[in-house]
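What follows is one structure encoded as structure tokens, with my remarks underneath.
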Amino acid sequence: DGSAVANSGKSVGTEVVYNNITLYVSKPDESIRKARTGAAVLYLTDVFGIQLLENRLLADSFARAGYLVVAPDLFNGAPAPNDLNTPGFDTGAFLGLHGPAATDPIIAAAVAYVQATADGTAKAPVRIGATGYCFGGRYAFRTAAAGRGAVAAFAAHPSLLEDGEILGVKGPASVAAAENDSMMPPARRAAIEALLLNSTQPYQVALYSGTSHGFGVRANVSNPIEKFAKESAYLQAVRWFDNFL
Ligand SMILES: *[C@@H]1O[C@H](CO)[C@@H](O)[C@H](O)[C@H]1NC(C)=O
Ligand SMILES: *[C@@H]1O[C@H](CO)[C@@H](O)[C@H](O)[C@H]1NC(C)=O
Ligand SMILES: *[C@@H]1O[C@H](CO)[C@@H](O)[C@H](O)[C@H]1NC(C)=O
Ligand SMILES: *[C@@H]1O[C@H](CO)[C@@H](O)[C@H](O)[C@H]1NC(C)=O
């Protein structure tokens, strides 16, 4: 149920370095892991990175659902500041530095880590579901394209997601959208739906009222509407992976 989502407290995962990429790894208890042996969740963060406590806690929440969770440090230790309006921080320059040419290889290293080390008893290849938030949402789609390593995708309020990336997705794709989202306004949301409608793989789009961009991770959980939406988006992703991985 929704209480599976940790919004505060200490994160329980560990950082490992693999192929010179830092990964936040959260493992389920062996007792619940058994049901999900052979599946894993690749957690792709927003611009605040694996350094943000809410990202670690949400990754841990997927581990509590039974999945091995691997979240790569997409920004090499230098994520965006918690307040994007921090003087001196240039969002455009940051996004320019972290386009697909820089980001895809980091994700590929995380996929390789999952396949190489997931579980001695798992039959390779491990079936990977990619879950992404804002910045990472686009990459959940990219990683579910042919040969990129994920077989299913979930994206909450994806930003910069391109038409070709939607058309290129090969696995089942699920989207959680915010009511207020300048990165995914109603017209763009409709266009994304039209593209998915035209696709042949299973898809799902859910719109959450009372939310704004970022709610899947950084909801104000003191606000019951936002808390409900964050938990619902988490459960949407878990149900998707439970069904398709
Ligand atoms: C490892 O990654 C860092 C950036 O995170 C880079 O500066 C360094 O050159 C890399 N080292 C190797 C051996 O690739
Ligand atoms: C959906 O497919 C139809 C028929 O191929 C095409 O005419 C239409 O432009 C497509 N819509 C989108 C949004 O891709
Ligand atoms: C959405 O944006 C409008 C206009 O900026 C604002 O009045 C409203 O409070 C916002 N709603 C949420 C849920 O953030
Ligand atoms: C979070 O929500 C609570 C309850 O609605 C509200 O009192 C508080 O001001 C909100 N905090 C922020 C930072 O918006």
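We count ligands from 1, going down the list as the structure has it; atoms in each ligand are counted the same way.
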Cationic N near anionic O, under 4.0 Å, Asp242 to Arg36: yes
Atoms of ligand 1, numbered as shown, that sit under 4.0 Å from any heavy atom of Asn76: 5 (O)
Does some non-hydrogen atom of the protein lie less than 4.0 angstrom from atom 14 (O) of ligand 1? yes
Pick whichever of Asn223, Val221, Asn220 has a heavy atom sitting closest to atom 10 (C) of ligand 4. Asn220
Looking at Thr22, Asn20, Asn19, the heavy atom closest to atom 11 (N) of ligand 1 belongs to Asn20
Quick one: nearest non-hydrogen protein atom to atom 4 (C) of ligand 4, plus distance? Ser222 O, 3.6 Å
Around Ile225, counting heavy atoms of other residues, nucleotides and ligands shown, do more than 12 lie under 6.0 Å from its CD1? no
Does this structure show an ion pair linking Asp29 with Arg64, if we count only N-O contacts that are shorter than 4.0 Å? no
Check Glu54 with Arg218, please: is the shortest side-chain N to carboxylate O separation under 4.0 Å? no
Between Glu226 and Lys230, does any NZ, NE, NH1 or NH2 come within less than 4.0 Å of an OD or OE carboxylate oxygen? no
Heavy atom of protein closer than 4.0 angstrom to atom 2 (O) of ligand 1: yes
Heavy-atom side-chain contact between Pro79 and Asp73 under 4.5 Å: no
Protein contact for atom 7 (O) of ligand 4 (heavy atom, distance under 4.0 Å): no
